[in-house]
Trainee: 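This is the structure, below, for whatever I ask next.
For the numbers below, each heavy atom of this structure counts, side chains included, while hydrogens, waters and symmetry mates do not. A note on names: the letters A, B, ... follow the listed sequences, proteins ahead of strands, and every chain is numbered from 1. This one's a predicted model, so the numbers in the text were calculated from it and none came from an experiment.
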Number of protein chains: 2
Amino acid sequence: MQEKPRTRKGRRPTMVDVAREAGVALRTVSRVVNDDATVGAELVERVRSAIAALDYRPDERARHLRLGVTGTLGAAVRQLSHVNPVLRAVERAARAAGLMVLAASTEDDEKIERHVVESMCRRRFDGILLEPIGADHGYLVPELAAGLSLVAVDRPVLGLEVDCVLSDNVAGIETAFAHLVAHGHRRIAYIGDDERIYTAQERATAFRACLRAQGGAADAMIHTGPIQRERIHHALESALSGPDPATAVITGNATLSVETVRWFRDHADDVAIVGFDDSELATLLRPDLTVVAQDDAAIGDTAITMLRTRIADPATPVRKVTVPVTLQARGSGETPPKRT
Amino acid sequence: MQEKPRTRKGRRPTMVDVAREAGVALRTVSRVVNDDATVGAELVERVRSAIAALDYRPDERARHLRLGVTGTLGAAVRQLSHVNPVLRAVERAARAAGLMVLAASTEDDEKIERHVVESMCRRRFDGILLEPIGADHGYLVPELAAGLSLVAVDRPVLGLEVDCVLSDNVAGIETAFAHLVAHGHRRIAYIGDDERIYTAQERATAFRACLRAQGGAADAMIHTGPIQRERIHHALESALSGPDPATAVITGNATLSVETVRWFRDHADDVAIVGFDDSELATLLRPDLTVVAQDDAAIGDTAITMLRTRIADPATPVRKVTVPVTLQARGSGETPPKRT
DNA sequence: CGGTATCGGGATAACGTTATCTCAATCGGC
DNA sequence: GCCGATTGAGATAACGTTATCCCGATACCG
């Protein structure tokens, strides 16, 4: 017993099937689907029930092809599997604008990033939000020339003039530094990520400027490099030993905060610490971790707004927006220096 | 000065433009793009350079429409912004299969889930991987009837017979319980999530069975409910006080582990704890957190394999796969009961 | 009552691909 | 040197939408 004999077997019903079922012209079905007011009430009803009877679902591929617009934004981020609070704000903002965000991760790998972005381009997404890796982005040039709307988040796209929204890393480091100084610290160490990473470089540079402003040169106070447990623990050891040990530490990102706390757990308990990036575990430690937190919601909102602006008018001048960060004092950064 | 006069202004170049530029037929361009071997070397070269000159990029919308297949899988997960390790494995497995995964979050909201899934259906994704919420999924029935390939992850789809891959929650609880018993504990409490959530219900039920098997009825030992700090802390208080306080606690998911540890930090330090779900912070605590960890990679691989199988043959019988979990003993679950 | 707005709705042509069919040209075998 | 097989490449028709025209019917105005 065929339940729906009017649809060609094995295929999803199309507008043609609906039109045949309702006994109207193809164009009329389209009008009904798109709420065109010029269709009489009776025909609307006939079409509606034909749609229901056949379980017709419009095919967005054809729609997008015809319209030239997909109503879709792509988000190419470093990690979907990791904490990515900005993406949440991005999805919210896009949903509010009637757009769909489809995300894929680049795993911080040049090949994968390129593959993901190019796939999104070939799918003719209206715009792409990219958390770029540090490498060369020459492959973007023809895409941009062809009209791709793109906004970079968290890091700029190296060597290319594109919209981007960044956290105020410099102010964040300055705030953290000043906070520790205000609590009596004079010898402050910095544990940072590999300086080939843009944000790491920016934060490390800001820290160097703080040291210089304070008068001390003390390059022994700054330790940047790849995120490897041994490297980090060794850096902490050298920063906290010697004739002039640090009494406070600033960590350059959430992972470094974790590793630092892990090391402190077993080797020190009287060193102040201010971390960059907030995270769930910040309030798990004893004392709670004082952090410089970025404003995820503001970043997400700004990114979507910029992207929509550029889509609406590709000739918009390139803008670079810096979003303020805030210090969350929770205890770990408010202890006085230990007596030497 | 027009740089590319051969393309109609304002439009991206199409195969027609490339064909004109190269002086060949449209079909020949298609053949070159798809590496059809039946094109002579010289023409291939002409077409290739025309493609380069015009920066031609194929339009996947048209391709997908014509082919009837999109090479795209959708992932509708509860949270993109939260730790979602399974998604990583999913992306890996899909990439290895030449498929693209595009993810969107449902925020555990019925409306949003439906919107996301239906959008993916209208875009004719080849298959959808869904982390379903607990509510009714009637809206899926017509989609499934129309040939949607769907695999549920972590939770089954209520009231519908669809493929799903779940963690072995029962074995996980049993393992945790046995582990604590082996270390001398007799009074073990359970702090769980709202039992309207499938996994929470399954874990709580398994725990009740453990209690029963042990001989004790002790409903005072099991505390489930929504994830609210006060509720959890209150539950812990009542479990650890009274004439017969618990000497060990099993927590039902990562968030509950965090809250429990947070409470222990200030109120108790000699209670054993085994958490469900592994997470980065498990090795941050003192002692390190013993957990029942699910096998993210196995879940992701299995889900993609099942989805591809179903796409290849929609008539495949529905399968429900349970992936084993493993106990990661790290210290917090190996302490003996405190002297009473 | 004739002519022209007005409105509802149908035919048909895109959108940018790929697949089918056809045909011209080349090659080998006897 | 002729014929069938093979190869290379073009014309044309889909795929499922929406947009542009156009036409027939009703309503309205002079």
Trainee: To the side chain of B/Asp59, which of C/dT18, C/dG16, C/dA13 is closest?
Mentor: C/dG16
Trainee: Among B/Val24, B/Val29, B/Val33, which residue satisfies the side chain to side chain contact (heavy atoms under 4.5 Å, CB included) criterion with B/Val18?
Mentor: B/Val29
Trainee: What nucleotide, of C/dG10, D/dG10, C/dG16, holds the atom closest to the side chain of A/Val24?
Mentor: C/dG10
Trainee: So does B/Arg61 reach the base of D/dT17 with its side chain, donor to acceptor, closer than 3.5 Å?
Mentor: no
Trainee: Would you indicate which nucleotide in C/dT17, D/dT17, D/dG10 comes nearest to any side-chain atom of B/Arg27?
Mentor: D/dG10
Trainee: At their closest point, which heavy atom of B/Ala22 faces which heavy atom of B/Ala50, and how far apart are they?
Mentor: CB-CB, 3.8 Å
Trainee: Contact class for B/Val33 vs. all strands (heavy atom < 4.0 Å): base, sugar-phosphate, or nothing?
Mentor: nothing
Trainee: In whole angstrom, what separates B/Asp35's CG from C/dT18's P?
Mentor: 11 Å
Trainee: Round to a whole Å and report the spacing from CZ of B/Arg20 to P of D/dA9.
Mentor: 20 Å
Trainee: Check if the side chain of B/Arg66 and the base of C/dT17 share a donor-acceptor pair of N or O atoms closer than 3.5 Å.
Mentor: no
Trainee: Rounding to an integer number of Å, can you tell me how far A/Leu26 CG sits from D/dT17 P?
Mentor: 8 Å
Trainee: Identify, with sequence neighbours excluded, every residue that meets side-chain hydrogen bond (donor to acceptor under 3.5 Å, both in side chains) alongside B/Asp295.
Mentor: none
Trainee: Using atom CG of B/Leu65 as one end and atom C1' of D/dA14 as the other, report the distance to the nearest whole Å.
Mentor: 10 Å
Trainee: Would you classify B/Leu67 as touching base, sugar-phosphate or nothing, given that sugar-phosphate means primed atoms plus P, OP1 and OP2, and contacts are heavy atoms under 4.0 Å?
Mentor: sugar-phosphate
Trainee: Report the end-to-end axis angle of the helix from C/dC1-D/dG30 to C/dC30-D/dG1; each axis comes from five terminal pairs, and the value is rounded to 10°.
Mentor: 50°
Trainee: Just wondering, more than 12 heavy atoms not from A/Arg196 lying within 6.0 Å of its CZ?
Mentor: no
Trainee: Enter the distance from B/Glu91:CD to B/Ile304:CD1 here, rounded to the nearest 0.5 Å.
Mentor: 9.5 Å
Trainee: What is the distance, to the nearest angstrom, from the CZ atom on A/Arg31 to the C1' atom on C/dC7?
Mentor: 11 Å
Trainee: Could you pull out all residues at least two apart from B/Arg308 that satisfy side-chain hydrogen bond (donor to acceptor under 3.5 Å, both in side chains)?
Mentor: none
Trainee: Would you call B/Arg46 and B/Glu42 a salt bridge, using N to O less than 4.0 angstrom?
Mentor: yes
Trainee: Within the structure, does a side-chain N or O atom of A/Thr28 lie under 4.0 Å from either OP1 or OP2 of C/dG10?
Mentor: yes
Trainee: C/dC15 P sits how many Å from A/Arg63 CZ, rounded?
Mentor: 18 Å
Trainee: State whether B/Ser30 places a side-chain N or O below 4.0 Å from either non-bridging phosphate oxygen (OP1 or OP2) of C/dT18.
Mentor: yes
Trainee: Figure out the CG/P separation between A/Leu43 and C/dG10, and round it to whole Å.
Mentor: 7 Å
Trainee: Of all the choices, C/dA19, C/dG10, D/dT17, which nucleotide is nearest to the side chain of A/Ala25 once you look at every atom?
Mentor: C/dG10
Trainee: Answer yes when B/Arg12 and B/Asp59 have at least one side-chain N-carboxylate O distance shorter than 4.0 Å, and no when they do not.
Mentor: no
Trainee: Nearest to the side chain of A/Met15 - D/dT18, D/dG16, C/dG16?
Mentor: D/dT18
Trainee: Separation of B/Leu54 atom CG from C/dG16 atom C1', in whole Å?
Mentor: 15 Å
